[in-house]
There are 2 protein chains.
Amino acid sequence: MARKQGSHADITGPKVQQAALRLIADHGFAAVSMRQIAAEVGVQAGALYNYTPDKQSLLFDLMQGHMDDLLGALEAAAFQGDALTRLEAFTRFHIRFHLPRADQVFVSYMELRNLSAANFAEIEKMRHRYEDALEDILRVGQAEGVFAVADTRVATMAIIGMLTGLSHWYRDGGRLDMIEIEAIYWDLVRKSVAKPA
Amino acid sequence: MARKQGSHADITGPKVQQAALRLIADHGFAAVSMRQIAAEVGVQAGALYNYTPDKQSLLFDLMQGHMDDLLGALEAAAFQGDALTRLEAFTRFHIRFHLPRADQVFVSYMELRNLSAANFAEIEKMRHRYEDALEDILRVGQAEGVFAVADTRVATMAIIGMLTGLSHWYRDGGRLDMIEIEAIYWDLVRKSVAKPA
DNA sequence: GTCTATAAGATGATAGAC
DNA sequence: GTCTATCATCTTATAGAC
């Protein structure tokens with residue numbers, strides 16, 4: 001099959017997403033121009049519009065893709081067992097999913113206000129589903145008398161805040177590797193909601 | 001004393017900072033133009049340059065001012081007593097200082113990558129001093145056998161992450177007021193580093 | 001699918017009048 | 001101290017050739 005010269009949709013498409021993610025994570029959505037993204041990909045600016053109708057959609061697709069991956073992985077994990085076991089599984093899942101995706105996490109967190117109202121609502125809904133998965137675990141554990149939290153919603157937000165914060169300071173090749181970090185964070189999370197002995 | 005018409009340095013100066021903070025918190029530094037800030041203040045764009053040499057300095061001054069306030073308030077608080085008492089004081093201090101300053105917290109957190117390298121280093125140094133205040137408390141408590149944390153630095157970052165995350169979701173007029181939130185967060189923090197009974 | 005060229009407007013910052 | 005006017009450059013997005 002003859003291919004038209006200069007036609008590389010299957011290669012360029014992913015490269016656009018990748019370049020956009022990289023640049024937006026580094027400099028912020030508003031600070032990155034379509035020309036910069038095009039230069040990183042190795043095409044002219046006009047060619048980008050074969051892959052996205054506009055700049056806003058490019059951001060939305062990145063964030064939606066990230067949330068799709070997250071919720072898909074969460075569902076696939078399907079934590080089983082008692083509340084304490086499920087909380088440990090959630091904690092370790094969160095860290096293992098997020099730490100290797102520093103750019104996606106950063107963009108998904110920092111660029112929410114650059115989404116259009118409709119796109120923002122969409123992403124927020126997905127994020128809410130993720131939070132609810134944790135709150136469900138806390139509520140069951142609370143009902144079973146395994147946990148002792150004053151408010152499951154606040155505890156949910158506090159734990160997710162603690163875990164998400166990790167992505168903002170952790171760097172590969174640092175003093176502690178991911179396995180060690182995971183153990184320390186799980187210890188903190190476990191105790192924070194534990195029933196006093 | 002006759003004042004030149006149209007001369008309002010003492011009024012305009014603070015208004016510029018205030019307008020910039022407000023707009024940058026809402027839309028992001030790169031997305032906000034000097035013209036937008038000027039319009040919010042009620043002057044023309046050129047007049048802003050009586051108050052800042054350039055846009056970058058405007059951002060830096062906002063962030064430096066916030067960190068100055070934070071470190072000043074921390075020093076003034078001068079937590080006394082045993083490690084547990086000091087940890088409680090730090091936790092409540094953090095929440096009481098940050099919750100009423102949502103815009104400043106947001107900007108100081110989100111716009112770090114829009115600082116020049118030199119300005120970034122300056123702010124990071126200040127942030128580090130704040131983190132060290134908490135780590136000092138944890139280290140003392142650990143040495144005294146009051147706390148049981150696997151790693152004081154990681155625990156420091158985890159607790160600050162948890163507390164900072166609060167600023168990202170808390171809204172005035174919500175289900176719980178600041179006093180209730182404070183109690184719940186202190187309970188989580190206290191237990192997370194507690195020695196098992 | 002990618003290119004070049006371009007439209008139509010916004011940007012940070014400065015100069016000089018008042 | 002603020003204004004108006006301006007510079008030089010950058011912006012997103014589109015049109016049409018190949």
Side-chain angles (χ1 to χ4, degrees), chain A residues 1-21 23-24 26-62 107 111 113-119, chain B residues 1-24 26-63 107 111 113-119:
Chain A
M1 297 282 239
R3 187 201 284 275
K4 232 175 162 182
Q5 194 194 11
S7 176
H8 305 289
D10 45 349
I11 302 174
T12 307
K15 275 176 87 174
V16 170
Q17 295 266 334
Q18 197 182 331
L21 176 64
L23 287 169
I24 293 171
D26 280 2
H27 307 106
F29 176 71
V32 172
S33 71
M34 296 297 270
R35 278 173 179 77
Q36 282 175 271
I37 297 170
E40 181 94 352
V41 172
V43 297
Q44 292 301 311
L48 294 181
Y49 292 87
N50 289 313
Y51 303 98
T52 180
D54 49 34
K55 200 189 174 191
Q56 167 71 207
S57 300
L58 194 50
L59 176 62
F60 177 65
D61 289 346
L62 284 176
V107 169
E111 305 298 350
R113 46 181 181 176
N114 285 309
L115 289 174
S116 69
N119 287 345
Chain B
M1 297 285 239
R3 188 201 282 279
K4 232 174 160 180
Q5 194 196 13
S7 178
H8 306 288
D10 45 349
I11 302 174
T12 307
K15 275 176 87 174
V16 170
Q17 295 266 331
Q18 198 181 329
L21 176 63
R22 177 83 255 184
L23 287 170
I24 294 172
D26 280 3
H27 308 107
F29 176 72
V32 172
S33 71
M34 295 298 270
R35 279 172 179 77
Q36 281 176 271
I37 296 170
E40 183 93 354
V41 172
V43 296
Q44 291 301 312
L48 294 181
Y49 291 88
N50 289 313
Y51 303 98
T52 180
D54 50 34
K55 198 186 175 193
Q56 167 69 208
S57 301
L58 195 50
L59 176 62
F60 177 65
D61 289 347
L62 284 176
M63 297 179 66
V107 168
E111 305 297 351
R113 59 192 166 164
N114 285 309
L115 289 174
S116 68
N119 287 345

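Just so it is clear: chains get the letters A, B, ... in the order the sequence lines come, proteins before strands, and each one is counted from 1.
For A:Glu111 and B:Arg113, the salt-bridge test passes: some basic side-chain N is under 4.0 Å from an acidic carboxylate O.
Distance, A:Asp54 CG to D:dT11 C1': 14 Å, rounded to whole Å. The distance from atom CG of B:Asn50 to atom P of D:dT4 is 14 Å, rounded to the nearest whole Å. Counting to the nearest Å, the P atom of D:dC10 and the NZ atom of A:Lys55 are 15 Å from each other. The nearest whole Å value for the distance from the CD1 atom in A:Ile11 to the C1' atom in C:dT2 is 14 Å. Here C:dT14 presents its C1' atom at 12 Å from CE of B:Met34, a figure rounded to the nearest Å.
Side-chain nitrogen and oxygen atoms of A:Thr12 include at least one within less than 4.0 Å of the OP1 or OP2 phosphate oxygen of C:dT2. Contact annotation: A:Ser33 does not reach the phosphate of D:dC10 (side-chain N/O to OP1 or OP2, under 4.0 Å).
A donor-acceptor pair is defined here as one N or O able to donate and one able to accept, closer than 3.5 Å; no such pair exists between the side chain of B:Glu40 and the backbone of B:Val16.
Between A:Gln36 and the options A:Leu23, A:Val41, A:Ile24, a side-chain contact (heavy atoms from CB on, under 4.5 Å) holds for only A:Leu23.
For the pair B:Lys15 and B:Tyr51, the cation-pi criterion (under 6.0 Å, within 45° of the ring axis) is not fulfilled.
At a threshold of 4.5 Å between non-hydrogen side-chain atoms, the residues A:Asn119 and A:Leu59 do not count as touching. Residues B:Val107 and B:Met63 meet the side-chain proximity criterion, which asks for heavy atoms closer than 4.5 Å.
Residues from residues 35-49 of chain B placing a heavy atom under 4.0 Å of any atom in DNA chain D, listed by number, are B:Arg35, B:Val43, B:Gln44, B:Ala47.
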